[in-house]
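These notes concern the structure reproduced below.
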Protein chains: 2
Amino acid sequence: MADHILPKQLTGMADEKSDHESHCFVAKLFGKRAQNREVQEARILEAATNCFVRAGFRGASMNDICSEAGMSPGALYRYFPSKESIIETIVASHRKASAEILNRMDEYDNIIDALVMVGVDHVRKKSADAAGTSWDERSALLFSEVRAEAMRNEAVAAQCELYEGQMREKLLSVVSAAKTKGEINPVGDLELVVATLAAMGEGVVMRNFPAQGVPVEALEPMFRALAVAILRPVQK
Amino acid sequence: MADHILPKQLTGMADEKSDHESHCFVAKLFGKRAQNREVQEARILEAATNCFVRAGFRGASMNDICSEAGMSPGALYRYFPSKESIIETIVASHRKASAEILNRMDEYDNIIDALVMVGVDHVRKKSADAAGTSWDERSALLFSEVRAEAMRNEAVAAQCELYEGQMREKLLSVVSAAKTKGEINPVGDLELVVATLAAMGEGVVMRNFPAQGVPVEALEPMFRALAVAILRPVQK
DNA sequence: TAAATGAGAACGAACGTTCGCTCTTTTTAT
DNA sequence: ATAAAAAGAGCGAACGTTCGTTCTCATTTA
């Protein structure tokens, strides 16, 4: 009885011949159809990212994205309901990838080293975890675009606020832990310290120094000096 | 004879009755007509700035700007040949206003104080010279928009490069002078130090902390710590 | 009188999106 | 197992709208 309530397309099954699962809901997630859908979505997002980097969110048209993806508009709109939804998806994964770089901070026992690593990894354009979302060379180019879009697009602003809030929390917890342990003596209010560090770091990331021939190694002492100046580690 | 070569509109004259100048070329700059032209241009730029802050360079339409300026498209296009030209004019004055804040650096004998002043004045949203272009509260909102546009608009990129080059030169001359005098011992290559300081400062300005309730005074120690950390003034 | 100014309709192009259709794959019924 | 039916996937023309810009014509100013 209840089976008739379920939409038909959710009852499809993969090529593996497991009849007892053919009406299972989650089976859809591993079906051939579903797999193809994910591949196509990734193809679209990849093409859209290239177009957005090249021309901006508003400057790139859906036709551009279709051409880049080798797909007709009719086909593309089966996977994303609107241009807006593509933008939101890309922005979310962009900020997510940025936020995930902070996850590796715990690998360092020294907070200064951890902070320098965060900055360096951001300009180095390498993802923190191998199996996560990618933080490639286009991310830096997309940074100013995302920030500009967030100023007037509520959904994009919400995505930014979500992940940036996570980043601030993570930074704050690390910094306040270090302060509690007496390792550092920051210059001011902890929340402001964290926000300023993030803002200054973002400023450097946006400039995209590596693309201008400045090696990451040259930036490292700057990040270290900045971290030391603001966190003020106590002498031992 | 030669008068007929000159376009007619350049021969108009002001209300002051100086007949002997009525065919003078430069007289146009002070004529009533020309005055009105400047007023109208300013009106358009003012309206366009509001629209661009609200919706971005691409998001704001010419109709929006016309409405905001209380002007018809036909009238507006007598003063600016294209939307592009309006954008370029606004970007140029935006970057010019930003660059002019550096002019006051010479008022300080201490380079650290001078640098802190530059940062504070940028977030404070006050123009350096009273009679210059204005650096008002909309400038911070326009910052990310300008940077995003510069990534794909060659003319805008050129304007940015021009004024940012001036800023780097000014900063570089001040910093290298201080180093020559033995006042500071910067962490790395001087050009890179200057570029990093500018990038970090811009990051803070873009965040628009005052709009989020963070007072400028709270930011000042941060700027000072940053300047001290990177320039490393020598003890006396 | 002639030039400058302005209003507003109108232009062609491009936009994001939808539609109708064909072809293929999957499900259902026999 | 096979035919019929349904659903999915893809294409490309076409939709209605909005874009930046231009044109025409009236009004004001010199």
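Bear in mind the structure is a predicted one, so any value in this text is a computation, not a measurement. A, B, ... follow the sequence lines: proteins, then strands. Residue 1 opens every chain. Values below: all heavy atoms of this structure, side chains included; hydrogens, waters and symmetry mates excluded.
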Go through [options] for me and flag the one nearest to the [X] side chain.
| X | options | result |
| --- | --- | --- |
| A:S72 | D:dG10, C:dT17, D:dT21 | D:dG10 |
| B:A75 | C:dG6, D:dG20, D:dA9 | C:dG6 |
| B:S61 | D:dG12, D:dC19, D:dT21 | D:dC19 |
| A:M62 | C:dT17, D:dT22, D:dA9 | C:dT17 |

In whole Å, what is the span from the [atom1] atom of [X] to the [atom2] atom of [N]?
| X | N | atom1 | atom2 | value |
| --- | --- | --- | --- | --- |
| B:E41 | C:dG6 | CD | C1' | 16 Å |
| A:M71 | D:dC11 | CE | C1' | 11 Å |
| B:F80 | C:dT5 | CZ | P | 14 Å |
| A:Q40 | D:dG8 | CD | C1' | 12 Å |
| B:N63 | C:dA10 | CG | C1' | 12 Å |
| A:R37 | D:dG8 | CZ | C1' | 10 Å |
| B:R58 | D:dC19 | CZ | C1' | 13 Å |
| B:Y77 | D:dT24 | OH | P | 17 Å |

Inspect the contact between [Y] and [X] and indicate whether a charged nitrogen and a carboxylate oxygen are less than 4.0 angstrom apart.
| X | Y | answer |
| --- | --- | --- |
| A:E100 | A:K170 | no |
| B:R124 | B:E220 | no |
| B:E46 | B:R138 | yes |

Please confirm whether the shortest side-chain N or O distance from B:Y79 to OP1 or OP2 of C:dG6 is below 4.0 Å. yes
Should we say atom CD of A:E154 is surrounded by more than 12 heavy atoms from elsewhere, each under 6.0 Å from it? no
By nearest-heavy-atom nucleotide on DNA chain C, the more 5' of A:P73 and B:P73 is B:P73
Determine whether any donor atom in the side chain of A:R78 lies under 3.5 Å from an acceptor atom in the base of D:dG8, or the reverse, and answer yes or no. no
Give the intermediate values and the outcome of side chain to side chain contact (heavy atoms under 4.5 Å, CB included) for residues A:R147 and B:R207. CA-CA 10 Å; A:R147 190 147 289 288; B:R207 283 295 173 114; 3.8 Å; yes
